[in-house]
Amino acid sequence: MLRTHTCGQLRKSDVGHEVTLCGWVESKRDHGGAVFIDLRDRYGLTQVVVGPPEAEASLIDEAGRIPTESVILIKGKVADRLEGKTNDKLDTGDIEVRTEHLEILNTCATPPFTPSQSDLPGEDLRLKYRFLDLRRKEMQQGLMMRSKIIKTMRDFFAEHDFIDVETPILGRSTPEGARDYLVPSRVHAGKFYALPQSPQLYKQILMVAGFDRYVQLAKCFRDEDLRADRQPEFTQLDLEMSFVDADDVMGLIDGLVARTAKEVLGKEVKTPLPRMTYDEAMCRYGHDAPDLRFDMEIVNVTSVAAKTEFRVFRGTADAGNFVRGLNVKDAATKYSRRQIDDLTNYVKEFGAKGLAWFRVEEDGTLWSPISKNLDEAHLAEIKELMKGEPGDLLMFLADTWEVTCKGLYALRKRLGAELKLYSPDQLDCSWITEFPMFEKDEETGNWSAMHHPFTAPLARDLNKLDEDPAACRAQAYDLVINGSEAGGGTIRIHDSTTQSKVFELLGIDEATAEDRFGFLLNALRYGAPPHGGIALGVDRWVMLLAGLDNIREVIAFPKTQKAADLMTEAPGDVDTDQLTELHLRTVGIKKD
RNA sequence: GGCGCGGUAGCUCAAUUGGUUAGAGCCCCGGACUGUCGAUCCGGAGGUUGCGGGUUCGAGUCCCGUCCGCGUCGCCA
């Protein structure tokens with residue numbers, strides 16, 4: 001090692017010792033006769049003094065000319081700082097190193113930005129110069145937390161007898177699910193591999209093989225449009241277990257959540273984690289990943305709306321649709337007409353036609369631009385249902401079930417953030433269970449699997465496969481952390497009768513099934529144990545535990561919204577020779 | 001693909017209703033300085049206002065197109 005200590009290590013007890021430090025020059029204060037250097041590495045920052053009597057004039061002069069962010073090595077004695085010159089913002093602030101020897105290991109070109117500057121540059125520049133961005137404390141802390149979370153996961157599953165098995169990156173495309181990233185085959189002209197969207201099929205095969213408890217940190221790829229919490233390549237903690245039911249899987253993950261929160265954040269999370277069915281989540285929060293850090297539940301007032309003369313309410317109820325709303329506690333004076341107009345435009349983005357609202361006045365009556373359309377009795381009933389108290393703001397959407405869900409979910413989420421209804425360090429983890437097996441494609445009217453076609457229905461819903469597919473619930477469960485889907489899993493079908501029925505419902509005939517999943521169906525015929533599992537979104541876990549709202553902040557080299565890497569400039573051009581070898585030719589590309 | 005926000009010096013931002021030579025701080029360069037820790041002081045350099053077109057006597061500002069970044073809807077079994 002070139003160094004004897006890190007830049008975060010030295011304390012008062014080291015005073016008098018001869019040390020060697022290596023690091024980056026974060027900043028430099030040149031007084032001519034002496035130079036103060038803040039030397040940084042990932043462990044911390046130590047003040048280095050280059051001045052008399054230890055350093056000669058030439059060395060002091062050289063130190064003054066070192067460019068910021070250069071890498072240097074210094075040797076010297078640890079010394080107490082002068083009386084009153086300590087820095088209590090630094091762990092190493094009681095001491096400094098008096099430099100006797102200094103080597104510039106490598107200079108730094110003038111950087112477009114520095115890791116220590118307070119004004120963060122635009123994200124495009126940060127991504128282009130990711131090596132500088134990653135020198136920032138926040139980025140280093142995020143990646144260190146990521147590493148710690150992964151270690152906790154690995155320890156946990158090793159202790160629970162899981163076997164880590166790697167599955168292929170080059171697989172075959174299956175038409176279900178997200179768009180695949182394809183890799184052309186050189187050897188097989190015109191054929192393609194697909195990068196895995198998840199190791200789903202392989203892990204089931206591993207169960208058939210008897211591995212019983214499989215786990216993997218798996219890179220997954222989906223060629224879909226990006227979001228703040230979505231990257232085209234991401235990491236799943238993927239696992240599968242034999243001879244288990246949904247309770248077993250959730251119980252196991254409860255333990256992991258509690259342990260991770262404890263080890264990484266020092267927080268206690270009570271287990272078992274609360275559970276809520278999908279139906280209940282949709283009724284109370286309008287979404288299958290509700291943010292449970294704050295209340296403000298959706299209330300259904302359709303029964304009252306149906307009795308009113310107000311055309312919008314009455315018409316909605318008569319058409320079999322819904323009037324549902326939120327009670328925004330204590331917000332009547334916090335939102336002006338203009339701001340409510342903004343909210344109205346906001347919910348329109350989600351398909352709502354408008355936003356009806358009422359203020360609960362001091363005398364307990366409801367005031368609204370539309371209240372003249374409603375009887376006092378009905379207003380009182382609405383207030384009662386909404387548990388309205390003076391100062392509250394009641395907001396309603398009148399629309400289809402789906403639109404009221406989407407609009408009120410979005411509205412609640414926005415209001416929760418705007419009104420700061422939760423604290424940034426809150427951690428709420430819960431399960432959403434009993435997802436529907438199927439959803440109907442609006443255009444074609446066909447059923448499709450909500451999760452995947454191998455998801456087992458609830459035992460008590462088996463008969464509904466024939467009678468009422470829409471009401472058939474699955475043995476599927478999602479882990480939700482702070483309103484974000486942090487993982488999801490299912491118990492799989494392991495008997496061929498049920499599997500055939502599900503395929504039939506999905507419109508997948510025997511030949512198609514064989515063609516798409518033949519290898520899995522074949523394996524299932526050779527003694528498949530009952531099995532199920534879950535996949536956890538590692539990037540999202542890190543983001544949520546770090547209290548961040550953007551997944552790119554916890555990924556070392558993320559891609560932009562257009563799925564580009566601004567540092568390497570991937571994706572890039574390739575030689576025509578390479579294309580020829582792969583039996584490819586590009587067509588229909590617009591010239592710049 | 002739709003909607004919204006943004007792009008001005010290396011960086012972060014400003015620039016009145018469309019009106020003089022597009023400014024400031026930081027960074028950078030040169031100089032001074034032995035106790036700073038956002039060092040200080042003096043001086044200096046630095047601009048195709050993302051790109052292309054249009055309107056106008058005049059465009060950073062208005063219009064059209066386009067590229068890039070971000071958010072979001074669709075999409076993401």
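Bear in mind the structure is a predicted one, so any value in this text is a computation, not a measurement. Here is how names work: the chains are called A, B, and so on, in the same order as the sequence lines, proteins then strands, and each is numbered from 1. Computed from heavy atoms alone, side chains included, the values below leave out hydrogens, waters and symmetry copies.
Residue-level contact check: A/L125 touches the backbone only, with heavy atoms under 4.0 Å from sugar-phosphate atoms and none from bases. Within 4.0 Å (heavy atoms only), A/G51 reaches no atom of the nucleic acid at all. Within the nucleic acid shown, A/K406 comes within 4.0 Å of sugar-phosphate atoms alone, with no base atom in reach, counting heavy atoms only. At a threshold of 4.0 angstrom between heavy atoms, the contacts of A/Q197 with the nucleic acid are absent. Within the 4.0 angstrom heavy-atom criterion, only backbone atoms of the sugar-phosphate kind lie near A/L120; the bases stay farther away. In this structure, A/T68 reaches the sugar-phosphate backbone alone: every heavy-atom distance under 4.0 Å involves primed, P, OP1 or OP2 atoms, never a base. Within 4.0 Å (heavy atoms only), A/P52 reaches at least one base atom of the nucleic acid. Nucleic acid contact for A/R540: none, since no nucleic acid atom lies under 4.0 Å from a heavy atom of the residue. A/E96 comes within 4.0 angstrom of a base, heavy atoms only. A/F113 comes within contact range of no nucleotide atom at all, as no heavy-atom separation falls under 4.0 Å. A/R414 comes within 4.0 angstrom of no nucleic acid atom, judged by non-hydrogen atoms across all strands. Among the protein residues, A/D223 comes within range of no part of the nucleic acid, since none of its heavy atoms lies under 4.0 Å from any strand. Residue contacts shown for A/R227 include a base, since a base heavy atom lies under 4.0 Å away. Heavy atoms of A/Q561 sit under 4.0 angstrom from at least one base atom.
Across all strands shown, B/C5 forms a Watson-Crick or G-U wobble pair with B/G69, both key distances being under 3.5 Å. Across all strands shown, B/C28 forms a Watson-Crick or G-U wobble pair, both distances under 3.5 Å, with B/G44. Nucleotide B/G58 is matched to nothing when pairs are restricted to Watson-Crick or G-U wobble geometry with both distances under 3.5 angstrom.
Out of B/C33, B/C75, B/G38, the shortest distance to the side chain of A/K89 is found at B/G38. Comparing B/G35, B/G10, B/C70 by their closest approach to the side chain of A/P112 singles out B/G10. Out of B/G69, B/G74, B/G71, the shortest distance to the side chain of A/R552 is found at B/G71.
OP1 or OP2 of B/G69 has at least one side-chain nitrogen or oxygen of A/T560 nearer than 4.0 Å. For A/K559, no side-chain nitrogen or oxygen approaches OP1 or OP2 of B/C70 to under 4.0 Å. For B/U36, neither phosphate oxygen OP1 nor OP2 lies less than 4.0 angstrom from any side-chain nitrogen or oxygen of A/Q47. Dashed line: the shortest gap from a side-chain N or O of A/N345 to OP1 or OP2 of B/C3 is not under 4.0 Å. Between A/K28 and the phosphate of B/A39, there is no side-chain N or O to OP1/OP2 separation shorter than 4.0 Å.
One C1' atom belongs to B/G6, the other to B/U12, and the distance between them is 14 Å to the nearest Å. Separation of the P atoms belonging to B/G30 and B/U17 is 43 Å when rounded to the nearest angstrom. Taking the P atom of each, B/C13 and B/G50 are spaced 14 Å apart, rounded to whole Å.
Evaluated for a salt bridge (charged side-chain N to carboxylate O under 4.0 Å, His left out) with A/E69, the options A/R40, A/R136, A/K28 yield exactly one hit, A/R40.
Annotation: side chain to side chain contact (heavy atoms under 4.5 Å, CB included) contacts of A/K440 (sequence neighbours excluded): A/W447.
Taking CG from A/D133 and CG from A/L120, the interatomic distance works out to 6.5 Å, rounded to the nearest 0.5 Å.
Residue-to-nucleotide contacts include no donor-acceptor pair under 3.5 Å from the side chain of A/R29 to the base of B/C33. Between the side chain of A/D119 and the base of B/G25 there is no donor-acceptor pair of N/O atoms closer than 3.5 Å.
At least one donor-acceptor pair under 3.5 Å links the side chain of A/D539 to the backbone N or O of A/T235. Judged by distance alone, with hydrogens and angles left aside, the side-chain atoms of A/R81 form a donor-acceptor pair with the main-chain N or O of A/I95 at under 3.5 Å.
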